[in-house]
Every structure is written in structure tokens, then in C-alpha cells.
Amino acid sequence: MTNPYELDADADVMRTMPPVFLPPEAELRLAAEQIPLLDDVRGYVAGLDENSEPGDTLIPRWAEASDLVRVVKGKHVPFKRATKLLEDPLLLWQRLYLTIGEALPPAAEMPPARLVASISLTLYQSGPVQVPVELLFEVVDLGQAPDESARHTMTVALDLLERLGAIEQATADPAGLAMIAEIAGRPDPSPFLLSLTPIALWAINRELREAGMDAPVIGDAAEESLGELTPRLVDSAPEIIDAELKAWTRHRGPSDAAAEASEFLRGSRLPEERLFALIALGETGEIGLETAVEVRSEGGLIGAVAAMWLCERGAVDRETVTRDEVLLGMADHYAAMHALGAFVHQLADMDDGFDIVDLLTSSGHPDRLELLNVVGANHPDREMAKKARTTAFKLRSSGAQTRDD
């Protein structure tokens with residue numbers, strides 16, 4: 001049986017995979033057991049007799065493609081070696097998932113096995129972000145524009161993936177549906193959003209690894225230092241960042257994790273490094289708070305960041321946090337959000353009357369010029385955006401530089 005993910009090993013779709021969270025095997029096994037299609041397949045195999053001719057319907061085709069039955073003298077006969085497979089719900093689910101393309105009717109647009117692999121990889125690479133069905137039609141390479149025939153083929157594949165419990169479906173709200181319609185250029189787009197279930201993530205991850213791909217699992221990097229882990233977290237979703245740092249902390253225990261995180265915090269050069277160090281400290285409980293108090297006492301940028309972090313957790317009285325600590329700490333938070341691609345979105349949510357330009361300018365933060373450039377280009381208040389551009393020009397004229405200059 002061919003690994004379907006080897007089919008795309010040299011394709012553009014096989015870029016770096018995001019780390020995924022995999023639940024314990026017992027949970028996966030229970031999820032598999034609760035999927036009705038497994039009972040349908042088992043029932044078909046158990047009901048075979050000397051008169052059972054292979055039918056051209058889904059379950060007989062799937063049972064044969066999965067090596068659960070074979071054709072002998074024009075009749076379907078169970079494979080004796082498939083007994084263990086039929087008794088193990090997780091292994092049976094995996095076998096059915098890997099052969100789903102062979103159970104589908106042939107399609108002119110793309111071999112069904114490759115179509116299913118392309119759909120699965122697209123959803124896998126999206127991480128926790130749900131993918132609109134309408135945009136999935138556009139993203140998956142069918143070798144041609146997604147006409148109605150191609151859309152029908154994909155719809156059949158998606159329906160079977162859902163019946164197998166490999167994908168789950170949600171519905172876009174009105175604002176989301178309007179955005180999908182605009183992007184897809186269709187007045188009546190599908191409202192459905194798709195994501196992979198945990199058991200599908202497990203199966204795809206397993207096959208990607210067998211195909212020689214780098215397909216990390218959350219917790220795999222727990223033995224690495226924060227310095228090694230941080231660069232890979234920058235492009236990850238917030239849920240992935242939190243999960244990876246939780247696993248990193250658990251691997252060390254509170255005391256060792258707090259010591260290593262504080263050392264990394266003190267030596268950090270980038271705002272996102274400071275953010276990740278503080279998240280790790282937060283996972284260590286009381287010892288993390290005590291460690292942050294020590295870091296704060298050392299002053300400077302690191303001390304200000306620690307002060308604001310402690311204040312947010314109610315570990316210090318707000319009145320004891322100085323103005324300089326507030327300005328520098330907030331500016332560093334915005335710089336970290338910018339590194340993670342979230343600062344632009346924060347601008348839209350800022351309260352009217354909040355002068356982000358004055359805050360950044362007064363902070364003296366090393367990234368203030370870069371942040372002012374972002375405010376000048378993206379702030380929804382035109383006056384605030386203009387003020388940011390003017391201030392940034394004055395800073396550049398006085399010799400200020402961005403980190404990349």
C-alpha cells in the first residue's frame with residue numbers, strides 16, 4: 001500500500017509543517033471506536049459467505065482496498081490476517097483513512113488518493129485555523145480551474161472524510177461569509193469551515209514522518225533550550241506557543257524551568273524572546289513570580305518587562321510600578337506582538353484617545369521607530385497615523401534607526 005503523502009513529497013504543498021498536539025492513544029482509540037463507518041466495514045466482512053460477490057458500492061470497494069477482503073473465484077473472501085486489524089479500532093481507522101482515495105470513484109481532475117492527500121495536507125498546514133470550504137476549492141491543485149465537476153469531486157471526498165471522522169465542520173458567521181464571498185468572487189459561497197480532527201492529525205503526522213517529512217509534535221522539542229525553541233515559535237499560532245512552552249516547562253519541573261527561563265530573559269535581545277521567557281515563567285507557578293521579582297530589581301528594559309508582567313498577575317501593587325516601567329514594558333509588549341504579526345490587529349482595537357505615538361516615543365524602546373512606522377501605515381485614526389509618520393520622520397532625522405538598519 002502506497003503512502004499517499006509520498007505522492008506530494010516534491011510538491012510546493014510539502015513545506016514546513018506546523019507542530020501539532022496529539023492526544024493520548026487511549027483517546028484516539030476511543031474516538032475511532034465511536035465512528036459508525038467502522039461498524040459498517042466490520043459488518044460487511046463478518047457477513048461474507050460463499051455467495052458474496054464483490055459489489056461496486058463504497059463499503060465493498062473500501063474493504064478490498066484496505067486488504068480486509070480479497071477476490072477468490074469472483075467472490076469476496078475475508079483475509080485471515082486482517083482479523084487483528086478488524087479488532088483494533090485505531091489500526092482499522094488508520095487503514096481506512098489511508099485507502100479512502102481507492103474507495104472513491106475515479107475522477108478525471110486528479111487521482112482520488114492524491115486529491116484526499118492534498119485536502120488533508122492543506123488542512124494540516126493550516127494548524128488550528130479553520131479553512132473555508134470555498135477557499136479549499138481554490139487552494140487544492142486539481143490541475144485546472146475548479147469548475148462544477150471538480151467541485152463535485154471534492155464535495156464527495158469531503159463528505160466521505162467527514163463520515164470517517166477525519167474532518168469536522170463549522171459554519172461561518174455573516175461577517176466571515178461576506179469575506180469568503182469577496183475573496184472567492186462568488187455571490188453564494190459555501191458557509192462551511194473545515195478542520196482536521198485529532199485522529200486525522202495523528203494519522204497524517206504518522207504518515208508524514210514515514211515519508212521522511214519534518215512533522216513535529218508538540219513536546220518533541222521539550223529537551224531543547226529556550227534559545228533553540230524560540231525561533232520556531234515565532235511563526236506559530238498562540239495555542240501552539242502556549243502548548244509548546246507548557247511541555248517545555250513540564251519536562252524540566254518548576255525550579256529548573258524558572259532558572260533557565262530567567263537566564264534566557266536576562267540575555268534576550270528580541271521582544272518575542274522576552275515574551276516567551278515570561279510565558280514559561282508563568283507556567284512554573286509561585287517560583288516563577290519570585291524569580292520575576294528578582295529580575296525586576298535589576299532594572300532596565302528587562303526589569304520593566306518583568307514589572308509589567310508581575311502587575312498583570314496581581315503579584316505587585318500597581319502603584320509601585322513606575323511610569324518608566326509602564327512605558328517601556330508596554331512598548332516591549334507591542335514590539336513582541338509585531339514580531340508575531342499581531343500588532344496591526346491590536347491597533348484597530350485601541351480605545352479612542354489612547355495616544356500610542358506618545359507612549360512609543362516617550363518609552364525610548366529600541367524598536368520604537370519600527371513600531372511608529374507600523375502605526376503610521378495602519379492606524380485607523382488618520383490623525384494618529386499622521387502624527388506617527390511625523391514623529392518617525394523626526395526620529396530618523398535625529399539619527400534613530402530600526403533594528404534592521
Side-chain angles (χ1 to χ4, degrees), residues 1-9 28-29 31-121 140-143 149-167 196-197 199-200 202-212:
M1 183 175 59
T2 302
N3 183 332
Y5 299 100
E6 291 177 347
L7 299 172
D8 284 317
L28 295 171
R29 192 174 301 281
E33 190 62 78
Q34 294 174 341
I35 295 170
L37 263 179
L38 269 66
D39 290 334
D40 294 342
V41 172
R42 286 168 171 155
Y44 174 76
V45 176
L48 292 174
D49 56 32
E50 65 275 7
N51 298 315
S52 300
E53 296 183 359
D56 192 25
T57 55
L58 174 65
I59 298 301
R61 284 200 309 268
W62 213 345
E64 186 174 331
S66 301
D67 289 335
L68 300 174
V69 301
R70 58 193 176 113
V71 179
V72 177
K73 297 180 180 180
K75 311 294 182 181
H76 258 176
V77 177
F79 264 118
K80 290 184 179 179
R81 65 188 184 193
T83 301
K84 182 178 179 180
L85 191 64
L86 288 164
E87 292 175 349
D88 188 318
L90 189 55
L91 291 180
L92 177 59
W93 190 94
Q94 184 187 24
R95 178 66 62 85
L96 293 174
Y97 178 74
L98 292 176
T99 56
I100 194 171
E102 298 174 57
L104 288 167
E109 298 85 2
M110 179 187 288
R114 181 160 186 169
L115 172 61
V116 171
S118 295
I119 292 171
S120 299
L121 286 170
V140 173
D141 180 16
L142 294 170
S149 174
R151 289 170 67 90
H152 173 73
T153 300
M154 275 197 63
T155 299
V156 172
L158 291 172
D159 178 68
L160 193 50
L161 283 166
E162 185 175 12
R163 289 177 61 191
L164 186 59
I167 59 176
L196 293 172
T197 60
I199 194 171
W202 166 79
I204 296 170
N205 181 269
R206 186 168 177 169
E207 296 306 311
L208 287 172
R209 289 177 176 238
E210 289 189 3

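What you are looking at is a predicted structure, and each value in this text was computed from that prediction instead of being measured. One is the number of the first residue; the rest follow in order along the sequence.
Ser120 and Ile204 get closest at one heavy-atom pair: CB-CD1, 3.6 Å. Scanning both residues, Leu104 and Pro112, for their nearest heavy atoms gives CB-CB, 4.0 Å. Looking at every heavy atom in both residues, Ala166 comes nearest to Ala200 through O-CB, 3.2 Å. Here the shortest heavy-atom pairing between Ala32 and Leu38 reads O-CD2, 3.4 Å.
Among residues two or more places apart in sequence or in another chain, the side chain to side chain contact (heavy atoms under 4.5 Å, CB included) test is passed with Ala31 by none. For Trp62, the side-chain hydrogen bond (donor to acceptor under 3.5 Å, both in side chains) test picks out Thr99, with sequence neighbours left out. By the side-chain hydrogen bond (donor to acceptor under 3.5 Å, both in side chains) test, Gln34 pairs with no residue at all, sequence neighbours left out. When the salt bridge (charged side-chain N to carboxylate O under 4.0 Å, His left out) test is applied to Arg42, the partners found at least two apart in sequence or on another chain are Glu33, Asp39. Evaluation of the side-chain hydrogen bond (donor to acceptor under 3.5 Å, both in side chains) rule for Arg209 yields Asn205, Asp220 as partners, not counting sequence neighbours. Residues satisfying the side-chain hydrogen bond (donor to acceptor under 3.5 Å, both in side chains) criterion with Asp40, sequence neighbours excluded, are absent altogether.
Atom CG of Leu86 and atom CG of Leu68 lie 5.0 Å apart (nearest 0.5 Å). Note that the CG atom of Leu28 and the CD atom of Gln94 stand 10.5 Å from one another [nearest 0.5 Å]. Taking NZ of Lys73 as the start and CD of Glu50 as the end, the distance is 12.5 Å to the nearest 0.5 Å. Distance OH/Tyr97 to CD1/Ile199: 10.5 Å, rounded to 0.5 Å. One finds the CZ atom of Arg95 at 9.0 Å from the CG atom of Leu92 (value rounded to the nearest 0.5 Å). Rounding to the nearest 0.5 Å gives a distance of 4.0 Å between CG of Leu160 and CD1 of Ile100.
Looking only at side-chain heavy atoms (C-beta outward), Val45 and Val69 come within less than 4.5 Å of each other. At least one side-chain heavy atom of Leu121 sits less than 4.5 Å from a side-chain heavy atom of Leu208.
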Only pairs under 3.5 Å count here: list side-chain donor-acceptor contacts from residues 52-61, not counting sequence neighbours, and write none if there are none.
unit_1	atom_1	unit_2	atom_2	d
Ser52	OG	Asp49	N	2.8
Ser52	OG	Asp49	O	3.2
Ser52	OG	Asp49	OD1	3.2
Glu53	OE2	Lys75	NZ	3.3
Asp56	OD1	Arg61	NH1	3.3
Arg61	NE	Ala103	O	3.0
Arg61	NH1	Asp56	O	3.0
Arg61	NH2	Ala103	O	2.8

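For the pair Trp93 (side chain) and Leu164 (backbone), a donor-acceptor distance under 3.5 Å is present.
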- Query: Can Leu161 and Ile119 be said to form a side chain to side chain contact (heavy atoms under 4.5 Å, CB included), step by step?
  - Reply: CA-CA 10 Å; Leu161 283 166; Ile119 292 171; 4.1 Å; yes

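Applying the salt bridge (charged side-chain N to carboxylate O under 4.0 Å, His left out) rule to pairs touching residues 81-93 yields Arg29-Asp88, sequence neighbours excluded. Residue pairs satisfying the ring-ring contact (aromatic ring centres under 6.0 Å, His included) criterion with at least one member in residues 36-60, sequence neighbours excluded, are listed as follows: Tyr44-His76.
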